[in-house]
**Q** 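This is the structure I want to talk about, given as structure tokens.
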Protein chains: 2
Amino acid sequence: MGEWQQDPATFPQAVAVDLVVFTLREDGLRVLLVTRGVDPFLWRRALPGGFVGPDETLDAAAERELREETGLRQVEAHLEQLRSYGDPGRDPRTRVISVAYLALAPDLPDVTPGSDAASAAWVPIDQALAGGLAFDHDRVLADGLERARAKLEYSTLATAFCPEEFTVADLRGVYEAVWGTGLDPRNFHRKVTGTPGLLIDTGRTRSEGPGRPAALYRAGDAVGLNPPLIRD
Amino acid sequence: MGEWQQDPATFPQAVAVDLVVFTLREDGLRVLLVTRGVDPFLWRRALPGGFVGPDETLDAAAERELREETGLRQVEAHLEQLRSYGDPGRDPRTRVISVAYLALAPDLPDVTPGSDAASAAWVPIDQALAGGLAFDHDRVLADGLERARAKLEYSTLATAFCPEEFTVADLRGVYEAVWGTGLDPRNFHRKVTGTPGLLIDTGRTRSEGPGRPAALYRAGDAVGLNPPLIRD
DNA sequence: ACGGGTTATCGTCATAATGACGAGAACAAA
DNA sequence: TTTGTTCTCGTCATTATGACGATAACCCGT
């Protein structure tokens, strides 16, 4: 029989959203972490997050937290639900079910520390993966990274890391940073320029440092890569 | 600043698990639905589900519900978290965050109706997709089906629909039923027998009706299909 | 027993996609 | 002008796929 037939059991519990926000810097992939200013896990790093309001959608709560934590009004970022974590005891205070979200954004500016003790920072991914995050956030971060890596294979998500206009090399840099591998520039170029609807040629070029100037593209309306780009 | 720093807001709310349980019958894919015996949505069909206990893991709650609803002690089924749904108002009684799970099982026996008014039944997928489910379960079911279809492409999940020993034709039947398409038996055979670690030859064969007997296999330890099987 | 229907399995062939890598184009810097 | 760098286009062998022919090994009806 379904428990739906009984009254909802409303023991003390809370619902939160946690954010795995990735951005790309010159030196590689970074994730947004906050340093906790209160117990539990005082002074430990954690994923940004917060509780869901009584009349708030999960997506809306995630968007609100993203704006609050990055300090930006309009955040142009990809935001999608990752998965939920609800082990009893994951928060020592009370039962907390956390709905994790994955966000991908182009190079975002440093976060100005809030007025309170909690400071946010973009932490290189290797350092963040080393462990020691509060709650079960080590696992959440790992899951978020794996999701991002996997979605690059079969979706056009990589453009979410790029600014409005970008080059093929920029896009390749996304794959190399997120996957942590090297890709052949020629084969990658062939693949992405050959995928219909992925890139829109602006007609202009950009010259950075030495080398032939690269064509500038904007993201097309394609959402999937078919066949996918496979990593080893 | 992170809301983590404030006390968890514990307004009245509940956390539930809902199950999208698929099985395969002779005539195609079916999903487990219950008919509600109480308000809200009295007499409407719904996905089986129930509230998560105070000291219960989300996964444990899903497994418990799966056992309860199918009436089986040991359910050999694939069970994975799908995603969470938390729109305010999705349950008219109170705020309910539902963590949906996807379960895939080999042909399961009919469910003996419980002693109460809520009866469970394996409903053909077309009929279930036609709409009219309680809460937001139309959407949950659609998401679950899409997840199952997608995972068949790049994972060995199809074997979860098969009994201990199965033939290549059985496996192909899974793809055809879930995808709703026809596949070339010869190319499919080449693909699955050529994937290392996917099938373990038992050496025996099975003869059903006319036609050459088919080799019997068990599921190997491969988890991924590389390259994936793509659907149009 | 024997031939026809059916399904499983193996092969063939053209096409598509990929990995590896050569080579020219177009720039900056020495 | 020469050198070095990056972008872009091409070539070629290998692999995977879709389409489909052909054989193997069973059922059944006569």
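Numbered from 1 within each chain, the chains take letters A, B, ... in sequence-line order.
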**Q** Nearest whole Å is fine: how far is C/dA26 P from A/Leu216 CG?
**A** 17 Å
**Q** Rounding to an integer number of Å, can you tell me how far B/Tyr217 OH sits from C/dA8 P?
**A** 11 Å
**Q** Could you list all N or O pairs between the protein and nucleotides 9-14 of chain D that sit under 3.5 Å apart?
**A**
{"from": "D/dT11", "atom 1": "O4", "to": "A/Arg190", "atom 2": "NH1", "distance (Å)": "3.4"}

**Q** Answer whether the closest heavy-atom distance between the side chains of B/Leu108 and B/Trp122 falls below 4.5 Å.
**A** yes
**Q** With a 4.5 Å cut-off on side-chain heavy atoms, are B/Val31 and B/Val21 touching?
**A**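 No, too far: nothing below the 4.5 Å cut-off.
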**Q** Over how many whole Å does the gap from B/Arg231 atom CZ to D/dT17 atom P extend?
**A** 16 Å
**Q** With the threshold set at under 4.0 Å for non-hydrogen atoms, list the residues of residues 159-173 of chain B touching DNA chain D in residue-number order.
**A** none
**Q** Roughly, in whole Å, what's the span from CG in A/Leu183 to C1' in D/dT6?
**A**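 To the nearest whole Å, that distance equals 16 Å.
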**Q** Could you work out which one of C/dT9, D/dT17, D/dT5 sits closest to the side chain of A/Pro210?
**A**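 That would be D/dT5.
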**Q** Please check if the number of heavy atoms outside B/Glu76 that lie under 6.0 Å from its CD is greater than 12.
**A** no
**Q** For B/Phe188, what residues pass the ring-ring contact (aromatic ring centres under 6.0 Å, His included) criterion, not counting sequence neighbours?
**A**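 Only B/Tyr175 meet the ring-ring contact (aromatic ring centres under 6.0 Å, His included) criterion with B/Phe188.
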**Q** Measuring from atom CG of B/Leu183 to atom NE2 of B/His189, what distance do you get when rounded to the nearest 0.5 angstrom?
**A** 14.0 Å
**Q** Check the distance between C/dA8's P and B/Arg204's CZ and give it to me in whole angstrom.
**A** 18 Å
**Q** In this structure, how many angstroms lie between the C1' atom of C/dT9 and the NZ atom of B/Lys191, rounded?
**A** 18 Å
**Q** For B/Glu153, what residues pass the side chain to side chain donor-acceptor pair (under 3.5 Å) criterion, not counting sequence neighbours?
**A** B/Arg231
**Q** Using whole Å, report how far CZ of B/Arg206 lies from C1' of D/dA25.
**A** 16 Å
**Q** Go through the structure and list residues passing side chain to side chain donor-acceptor pair (under 3.5 Å) with B/Arg67, not counting sequence neighbours.
**A** none
**Q** Distance-only check: which donor-acceptor pairs under 3.5 Å involve side-chain atoms of residues 210-217 of chain A, not counting sequence neighbours?
**A**
none

**Q** Rounded to the nearest Å, what distance is computed from the CG atom of residue B/Leu199 to the P atom of nucleotide C/dT9?
**A**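 Going from B/Leu199 (CG) to C/dT9 (P), I get 10 Å.
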